[in-house]
Protein chains: 2
Amino acid sequence: MHEILEQHIRSKLGKDTEGLEEVISYFKPIQLKRNDYLLREGELCRHCYFIVDGAIQVFTVDGAGNETTRDFILEENWLMEISSFLQQVPSKEFFRAIATSQVLAVSRDHFMELSARFPQFEKMYRQILELSYSHSVYRINTFVSMDALERLRWMMDNQPKLFTRLSSKMIASYLGISPETYTRLKGKL
Amino acid sequence: MHEILEQHIRSKLGKDTEGLEEVISYFKPIQLKRNDYLLREGELCRHCYFIVDGAIQVFTVDGAGNETTRDFILEENWLMEISSFLQQVPSKEFFRAIATSQVLAVSRDHFMELSARFPQFEKMYRQILELSYSHSVYRINTFVSMDALERLRWMMDNQPKLFTRLSSKMIASYLGISPETYTRLKGKL
DNA sequence: ATAAAGTCTTGACATTTGTCAAGAGTGGCC
DNA sequence: GGCCACTCTTGACAAATGTCAAGACTTTAT
């Protein structure tokens, strides 16, 4: 498990990876079954997660119990609830495993320590932030300007992998529509 | 103009601001009138901007000419088109002044140089990324899960300042609805 | 000062999307 | 193997939102 994280970090940083073994030693493995939670609304996000294998659904729940998915995080990607993690305020989001998953978690305290001690770790963190931010800007622009059918087409063009791994219900919650509407849109493609 | 940037950086970094004067010297002033553009779709985003005074609309335009606003950037905030700036690919967004504005711009090359030479500058950049990212996560969750009236109420609760400075048309484009729908929603408040 | 352009509102109507209900199919679990 | 919970689909209808057109009003440019 840790080897995959090691390879991932090397691919981001190149050769200059002094202290990499120590950095990795702070990550603790977590095994998740389908529908296990990594984080629930109201809890503090005390860890930064690296998804080694599997898939995590990041979603919110409104007063009527409707789930809306902000993102799906697949293997070899990073995950945290940024405002809860940084400011230690209650999370608005849930993180739930879609399938059996292996995750590596580093605590907030260790994360801060590693950022301070290893400039290369901080650099990688910055890269993750840049990617996550530009990804979310994309999602905002897509979502706000397109209707449901356009969003579905966009998802098919840009995230085709997701269709092979998600239920229809989950795809609908990512598109921000009801499952019934999703069923009907499929007929219009 | 530069004094405001200096104060802003000090407020973010505290006392440890060695080299601050040199950092600031790389920022060049730009004056904008209403409806002047800082960036257009298709151009490369070659600068990082600090808004000293005024307001900038960040928006996209679809095939039918409809404008959708991702964000309004007011004075004492930072602005860039992150994916265009980092990867030097064409921008998907427009940046346009809503009112007379004063902006300080640092070129991409200088920005990279400053990040490399001044750890404190890099730290501030990271803070800006963290804030921008958590802000955009909020916007996604708000937008995807709420209907138009709920989004309007959310905006009134969380961004009340904007109403004093924006036309109805702009507010509608931020809410992702037509101006007519916005007019009607106001009656339901 | 005046004309032109743009904004805001309102009404009528079309389209999109949601809600509720029912039934067929699917997969997990004992 | 059989039951249970869940998903997916379909139909009927309701609610939300968009589009188009018109008129009053405001702002901008000359």
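Note on naming: letters A, B, ... go to the chains in the order of the sequence lines (proteins, then strands), and numbering restarts at 1 for each one.
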- Message: Over all strands shown, is A:R34 touching base, sugar-phosphate only, or nothing at heavy-atom distances under 4.0 angstrom?
- Response: nothing
- Task: Please test A:E122 against B:K123 for salt bridge (charged side-chain N to carboxylate O under 4.0 Å, His left out), starting from the C-alpha separation and ending with a verdict.
- Result: CA-CA 9 Å; A:E122 188 175 22; B:K123 182 179 169 189; over 6 Å; no
- To the nearest Å, give me how far apart CD1 (A:I98) and P (D:dT7) are. 13 Å
- Query: When you measure from the side chain of B:K169, which nucleotide among D:dG18, C:dC8, C:dT10 comes out closest?
  - Reply: C:dC8
- Query: Could you state the OH-C1' distance from B:Y182 to D:dG18, rounded to the nearest angstrom?
  - Reply: 18 Å
- Task: Measure from CD on B:E67 to P on C:dG6 and round the result to the nearest Å.
- Result: 12 Å
- Note on the structure: In whole angstroms, the gap separating P of C:dC29 from NZ of A:K33 amounts to 11 Å
- Find the distance A:E180:CD to C:dC20:P and express it as a whole number of Å. 10 Å
- Where the side chain of A:T183 is concerned, which of C:dC20, D:dC8, D:dT19 is the nearest nucleotide? D:dC8
- Could you tell me the separation between the CZ atom of A:F143 and the P atom of C:dT17, rounded to a whole number of Å? 10 Å
- Where the side chain of A:T181 is defined as all heavy atoms beyond and including C-beta, which of C:dG18, D:dT17, D:dG18 is the nearest nucleotide? C:dG18
- A:F111 side chain reached by A:H47 side chain, heavy atoms, under 4.5 Å: no
- Can you tell me if the side-chain N/O atoms of A:K186 get under 4.0 Å from OP1 or OP2 in D:dT9? yes
- Given D:dC8, D:dT17, C:dT17, the nucleotide with the shortest approach to the side chain of A:S168: D:dC8
- Message: Once you apply a heavy-atom cut-off of 4.0 Å, does A:G176 come out as touching a base, just sugar-phosphate, or nothing?
- Response: sugar-phosphate
- Shortest side-chain distance from A:S167, nucleotide among D:dC8, D:dG18, C:dT17: D:dC8
- Please state how far atom CG in A:N66 lies from atom P in C:dT17, giving the value in whole angstrom units. 17 Å
- Rounded off to whole Å, could you give me the CZ-to-P distance for the B:R151 and D:dT17 pair? 7 Å
- Task: Flag yes if A:L129 and A:F85 sit in one hydrophobic cluster, no otherwise; membership is Ile, Leu, Val, Met, Phe, Trp, Tyr, and two members link when side-chain heavy atoms are under 4.5 Å apart.
- Result: yes
- What nucleotide among C:dT17, D:dG18, D:dT10 has an atom nearest to a side-chain atom of A:R184? D:dT10
- Message: Taking B:R10 first and then B:E6, would you say they form a salt bridge - that is, a charged N and a carboxylate O separated by under 4.0 Å?
- Response: yes
- Query: Would you call A:R40 and A:E93 a salt bridge, taking side-chain N to carboxylate O under 4.0 Å as the test?
  - Reply: no
